[in-house]
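Every value quoted in this text rests on a predicted model; they were computed, and no experiment measured them. A note on names: the letters A, B, ... follow the listed sequences, proteins ahead of strands, and every chain is numbered from 1.
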Amino acid sequence: MTTILIVDDSRLARNMVGSVITSLRPDWTIVSAASGEEALQVIADTVPVAAIVDYNMPGMDGIVLAEHLKERFAGLPVGLLTANVQDVLRKRAEAIDVRFIAKPITSDKIREFLAAAGQ
Amino acid sequence: MTAGEPFALDADEADAIAELFNIGMGEPAAALSSMLGEEVHLSVPSFAVSTHARISRDLAPGMVPPVCAVRGAFAGPFTGEAMLIFPEQGTLALVGRLVPVDPAADGPGEMEQDALTEIGNIILNGCLASLSNLIGGEIAGTVPGYGSGDPEAVIGSAEDPVLFVRIDMALAAGDARGHALFLLDIASLDAFREAIRRTMDNL
């Protein structure tokens with residue numbers, strides 16, 4: 001079973017990413033969470049092939065979550081999905097080897113992320 | 001919001017509207033950040049059905065008066081009013097990144113007001129432009145104007161219901177904290193539902 005983790009406080013955003021993933025990889029299992037804290041709980045027993053996480057969330061932000069995920073799953077490809085396209089955030093993401101994905105989400109952006117993730 | 005209110009939104013609709021504004025604010029905040037050479041922190045957008053009077057009351061505790069605001073009306077698939085609002089001290093700190101501010105001044109002068117108006121223009125019209133691209137409709141904004149005073153004088157005290165989107169903004173240094181507010185006519189709700197559907201269809 002191939003699992004991908006989607007974390008966004010917006011249900012709309014989770015649904016949008018989820019529907020794109022389902023169209024590109026129909027056999028994948030999507031595990032989604034509305035916060036970083038919830039993500040770390042729900043992913044406990046599963047090793048995802050990739051994670052797509054929002055930056056601007058109540059509680060833990062996407063960068064902190066990405067650091068936790070990479071600590072737990074060495075080499076996990078993480079995409080930071082965000083409307084916040086400021087250079088400083090882009091650099092912070094690059095510094096921890098997290099791929100920047102600018103909202104709004106499109107099929108092409110997810111396809112590129114998965115290709116870069118070797119999926 | 002109680003179940004008895006006539007304009008209650010379900011959780012999915014409120015979530016979707018907040019997310020559209022979250023996306024809309026991204027580009028203009030980045031533009032402002034490059035202008036200032038400093039990171040601009042944005043909160044998760046909140047969305048509620050409110051009134052001008054209630055918004056003034058809710059924001060007052062975090063806003064030492066007088067407050068300075070840039071505001072303008074917009075019209076299109078949905079209509080309403082956009083506002084960027086900072087307390088006076090925060091305004092001086094914010095525009096001080098762009099223009100020399102007289103430390104002895106007791107309030108924003110003409111040059112400081114112009115600078116805040118330009119920042120408001122970038123943020124508010126930038127957000128509305130991103131939003132209109134996203135939903136595939138044109139939103140026409142007016143040139144925003146400057147005003148100052150008590151929160152109630154700036155935001156208004158009308159008791160009619162409005163759709164209210166609030167995004168808190170702060171400069172990384174912490175000396176300028178304010179809000180971007182979008183107050184939408186209730187009649188816009190159906191247009192928003194349509195916009196959400198179109199956004200999903202355009203994937």
Side-chain angles (χ1 to χ4, degrees), chain A residues 6-25 32-38 52-65 80-93 95 100-113, chain B residues 9-47 122-123 126-127 130-136 165 167-173 180 192-193 195-203:
Chain A
I6 298 172
V7 190
D8 199 307
D9 59 308
S10 162
R11 189 175 300 142
L12 174 73
R14 290 197 303 276
N15 289 348
M16 288 169 78
V17 177
S19 64
V20 171
I21 299 276
T22 303
S23 69
L24 295 174
R25 302 285 187 275
S32 61
S35 70
E37 290 80 359
E38 187 191 342
I52 296 178
V53 306
D54 181 29
Y55 171 66
N56 195 7
M57 296 184 285
M60 189 186 299
D61 72 38
I63 291 278
V64 174
L65 174 61
L80 188 71
L81 177 63
T82 179
N84 186 337
V85 291
Q86 298 179 56
D87 287 342
V88 58
L89 182 62
R90 202 180 281 269
K91 283 181 186 141
R92 221 179 285 155
F100 202 85
I101 310 171
K103 283 185 180 180
I105 198 67
T106 62
S107 280
D108 285 348
K109 290 177 190 171
I110 297 292
R111 195 179 288 123
E112 278 170 29
F113 168 71
Chain B
L9 289 159
D10 70 32
D12 280 352
E13 288 169 338
D15 166 276
I17 292 172
E19 177 62 6
L20 289 177
F21 275 91
N22 179 43
I23 297 172
M25 280 294 281
E27 292 280 355
L32 178 61
S33 168
S34 333
M35 243 172 102
L36 302 174
E38 187 171 342
E39 187 177 5
V40 178
H41 294 160
L42 298 177
S43 72
V44 176
S46 67
F47 177 78
I122 289 168
I123 292 289
C127 180
S130 302
L131 207 57
S132 65
N133 289 341
L134 206 60
I135 63 171
V165 179
I167 299 146
D168 299 339
M169 299 175 56
L171 294 190
F192 248 116
R193 290 194 174 111
I196 294 158
R197 195 190 55 72
R198 261 204 310 269
T199 307
M200 296 295 285
D201 288 350
N202 285 343
L203 274 178

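- Residues forming a side-chain contact (heavy atoms from CB on, under 4.5 Å) with A/Asn56 (at least two apart in sequence, or on another chain): B/Asn22, B/Leu42, B/Val44.
- For A/Val88, the part lying under 4.5 angstrom from a heavy atom of chain B is the side chain only.
- Interface check for chain A: of the options B/Glu39, B/His41, B/Met25, B/Glu38, the most heavy-atom pairs under 4.5 Å are formed by B/Glu39.
- Contact annotation: the side chain of B/Glu19 never approaches that of A/Met16 to less than 4.5 Å [non-hydrogen atoms, C-beta and beyond].
- Contacts between A/Arg14 and chain B at a heavy-atom distance below 4.5 Å are absent for every atom of the residue.
- With a 4.5 angstrom heavy-atom cutoff, A/Asp9 touches chain B via backbone and side-chain atoms both.
- Here the closest non-hydrogen pair linking A/Gln86 and B/Ala30 is CG-CA, 3.5 Å.
- For the set B/Ser130, B/Gly26, B/Ala11, the count of heavy-atom pairs under 4.5 angstrom toward chain A peaks at B/Gly26.
- Smallest separation of non-hydrogen atoms from A/Ala83 and B/Ile23: CB-CA, 3.4 Å.
- Here B/Ser43 is the residue among B/Ser43, B/Gly24, B/Ser34, B/Ala18 with the most heavy-atom pairs under 4.5 Å with chain A.
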